[in-house]
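Below is one structure; the comments refer to it alone.
Below, all heavy atoms of this structure are taken into account, side chains as well, without hydrogens, waters or symmetry copies. Predicted model only: the values in this text are computed from it and were never measured.
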Amino acid sequence: MNINYSQFYSGTVNIPSYGNGAYKKDTLVKYKFNTRDGQGNKVMDKMSREETLQAMKDIRAQYGDAVLVEFSGDGMAALVESKKSGMALGDQEAMEAKNVAFQKEIKQVDITLKGLPEYSGMYGPDKAVASALENCSKEEQEFVYGIIRQNFLLGNSGSMTEEERQANISLGMKKAEYAAGNFIPKGSREAFLEAMESIAKLASAGKADSNGNMGYGVAKGSYLGHGSALVQTTDVIDLMQAMDKKAYAEYQQIRNSDDGWLNSVKYVANWYADAGNKYPSMVDDYEKQSKEYIRENVTGRKLDTTFAGLKTESKAAFLESLRAFQSRNPAFLTSVINRELASGFWV
């Protein structure tokens, strides 16, 4: 079972220097488990030592060796107290002094999901992309995951017409072609482009509701590990929403009640165990729905070619051809193109 901890994510931080060799870290990801929100409303109970350790284990498993994960918040008080009770006063002071020194080294970059992977929910393409990026620089990885996030799988397309959304996907594919030709390892290029095209087709088939919120018809991508070691798991909340809407409604009520997050986690765990006994093929049927959707709506789909003429042999050539496109089409996809032209990646 994989619990969604994204609501406790509080920022990504660049670390100039921490550790050496194989143990060197270049990124700090922060999670904060508070029992009350900014208005003082209760959102969760304090966690037991066992619950805290499990949460830490689950979250750390999502990141690679170059990432340090920081946990804080009053919800984790049980673990903090248990550590302090077994630590001598001198050790506590040394630990606190070390932490102060470490915090001074940290440089805040952003508090967004920019540096984190973005997955489509199709395991084959997601793993192919992750594997191709495994030895690329952080900037290059962010560029590719930014394509998926900003050009392909938008959360909301309310600011675009459908023509513009499809053209944005076309722009993303040209950026993927640039990546393949300029920094993706030669042995991975073909698989990378095929994977990006599959994700682009999934995006192209997506539908927006009346508020512009996008749906892509497949189970959410939920994984452990990274790169070529990426392992698929089941997103239990998405599974519940798709396969047991009554239970999902009850979960939502519990999640929004005064008992907060912790009781909703316990509810999900109990539901998953009980549903697995009563409905052994539930996960298989859930995944089958996605496969059928992909076969019927994604495979064989033709992509928009609005940006087919962009040049991808170099950064300068890409920018020059994109500016030329904008001069010919000054009122089309203006904000997206301006954002691209202003991107620090192309400098």
Among residues at least two apart in sequence or on other chains, which ones pass side chain to side chain contact (heavy atoms under 4.5 Å, CB included) with Glu139?
Ser137, Phe345
Sequence neighbours excluded - ring-ring contact (aromatic ring centres under 6.0 Å, His included) pairs with any residue from residues 197-216:
none
Kindly indicate, with the supporting measurements, whether the criterion side-chain contact (heavy atoms from CB on, under 4.5 Å) is fulfilled by Val144 and Phe192.
CA-CA 10 Å; Val144 171; Phe192 169 78; 3.8 Å; yes
Main-chain N/O of Ala128 paired to Ser131 side chain as donor or acceptor, under 3.5 Å:
no
Any donor-acceptor pair under 3.5 Å linking the side-chain atoms of Ser204 with those of Gln166?
yes
Lys/Arg-Asp/Glu bridge criterion (N-O < 4.0 Å) met for Glu177, Lys174:
yes
Are any non-hydrogen side-chain atoms of Tyr178 and Leu310 less than 4.5 angstrom apart?
no
Kindly give the heavy-atom pair with the smallest separation between Gln141 and Cys136, and that separation in Å.
NE2-O, 3.1 Å
Keeping the roles fixed (side chain from Asp126, backbone from Ser120), state whether a donor-acceptor pair exists under 3.5 Å.
yes
Residues Lys175, Glu340: salt bridge by 4.0 Å N-O rule:
yes
If we ignore hydrogens and angles and just use 3.5 Å, is the side chain of Asp209 paired with the main-chain N or O of Asn211 as donor and acceptor?
yes
Give a yes or no on whether Lys291 atom NZ has more than 12 heavy-atom contacts from other residues, nucleotides or ligands under 6.0 Å away.
no
Among Glu190, Met196, Arg189, which residue meets the side chain to side chain contact (heavy atoms under 4.5 Å, CB included) test with Ile184?
Arg189
Out of Leu171, Ile199, Ile169, which one pairs with Asn151 under the side chain to side chain contact (heavy atoms under 4.5 Å, CB included) rule?
Leu171
Atom OH of Tyr31 and atom OG of Ser72: how far apart are they, to the nearest 0.5 Å?
12.0 Å
Could you grab the distance from atom CG of Asn135 to atom OG of Ser188, nearest 0.5 Å is fine?
8.5 Å
Expected output: side-chain Arg339 to main-chain Thr334 donor-acceptor under 3.5 Å
no
Intermediate values then yes/no, side-chain contact (heavy atoms from CB on, under 4.5 Å), Met214 and Lys207:
CA-CA 6 Å; Met214 293 300 303; Lys207 303 294 182 184; 5.6 Å; no
Distance check, rounded to the nearest 0.5 Å: Glu118 atom CD versus Arg149 atom CZ?
4.5 Å
List the atom of Val268, the atom of Met240, and the distance in Å for their closest heavy-atom pair.
CG2-CE, 4.0 Å
Specify the closest pair of heavy atoms between Ile237 and Tyr248, including all atoms of both residues, with the distance to one decimal.
CG2-CE1, 3.9 Å
Around atom CD of Glu320, are there more than 12 heavy atoms of other residues, nucleotides or ligands at under 6.0 Å?
no
Tell me every residue that passes side chain to side chain contact (heavy atoms under 4.5 Å, CB included) with Lys246, counting only those two or more places apart in sequence or in another chain.
Asp244, Glu250
CD1/Ile147 to CD/Glu142 distance, rounded to the nearest 0.5 angstrom?
12.5 Å
Any side-chain heavy atom of Asn168 sitting closer than 4.5 Å to one from Leu154?
yes
Ala130 and Tyr145 have their tightest heavy-atom pair at CA-OH, 3.7 Å
pair Glu164-Thr161: side-chain heavy atoms closer than 4.5 Å:
yes
Do Leu322 and Trp346 share a hydrophobic cluster, counting only Ile, Leu, Val, Met, Phe, Trp and Tyr and linking them when any side-chain heavy atoms are less than 4.5 Å apart?
yes
Would you call Asp284 and Lys288 a salt bridge, taking side-chain N to carboxylate O under 4.0 Å as the test?
no
Give the C-alpha distance, both sets of side-chain angles, the deciding distance and a yes or no for side-chain contact (heavy atoms from CB on, under 4.5 Å) between Leu202 and Phe152.
CA-CA 8 Å; Leu202 177 71; Phe152 293 170; over 6 Å; no
Taking atom CD of Gln289 and atom CE of Met243, what is their separation to the nearest 0.5 Å?
5.0 Å
Donor-acceptor contact below 3.5 Å, side chain Lys245 vs main chain Gln241:
yes
State, with a plain yes or no, whether a side-chain heavy atom of Thr52 is found less than 4.5 Å away from one of Phe33.
no
Does Glu313 have any side chain to side chain contact (heavy atoms under 4.5 Å, CB included) partners at least two apart in sequence or in another chain, and if so, which?
Lys311, Ala317
Just grab all the ring-ring contact (aromatic ring centres under 6.0 Å, His included) pairs involving residues 280-317, residues at least two apart or on different chains.
Phe307-Phe325
Are Phe332 and Leu341 joined in one hydrophobic group, where the rule is that I, L, V, M, F, W and Y side chains link up if heavy atoms are under 4.5 Å apart?
yes
With heavy-atom distances below 4.5 Å as the criterion, would you say the side chains of Trp271 and Val236 are in contact?
yes
Where do Ala324 and Ser327 come nearest, in terms of heavy atoms and distance?
O-OG, 2.7 Å
Count I, L, V, M, F, W, Y as connected when their side-chain heavy atoms are under 4.5 Å apart, and connections chain through other members. Are Tyr279 and Tyr267 then in the same cluster?
yes
Side-chain donor or acceptor of Asn297 paired with backbone N/O of Glu292 under 3.5 Å
no
The reported gap from CE in Met47 to CG in Leu53 (rounded to nearest 0.5 angstrom) is 9.0 Å
Can you check whether Lys201 reaches Met122 side chain to side chain, under 4.5 Å on heavy atoms?
no
Partner set under ring-ring contact (aromatic ring centres under 6.0 Å, His included) for Phe183, not counting sequence neighbours
none
May I ask you to decide if Ala308's main-chain N or O and Thr305's side chain share a donor-acceptor pair within less than 3.5 Å?
no
Any luck finding a side-chain donor-acceptor pair between Asn338 and Gln326 under 3.5 Å?
yes
Of all the heavy-atom pairs spanning Ala203 and Leu153, show the shortest one and how long it is.
CB-CD2, 3.8 Å
Residue pair Glu70, Lys32: steps toward the side-chain contact (heavy atoms from CB on, under 4.5 Å) verdict
CA-CA 8 Å; Glu70 177 188 86; Lys32 183 173 291 186; over 6 Å; no
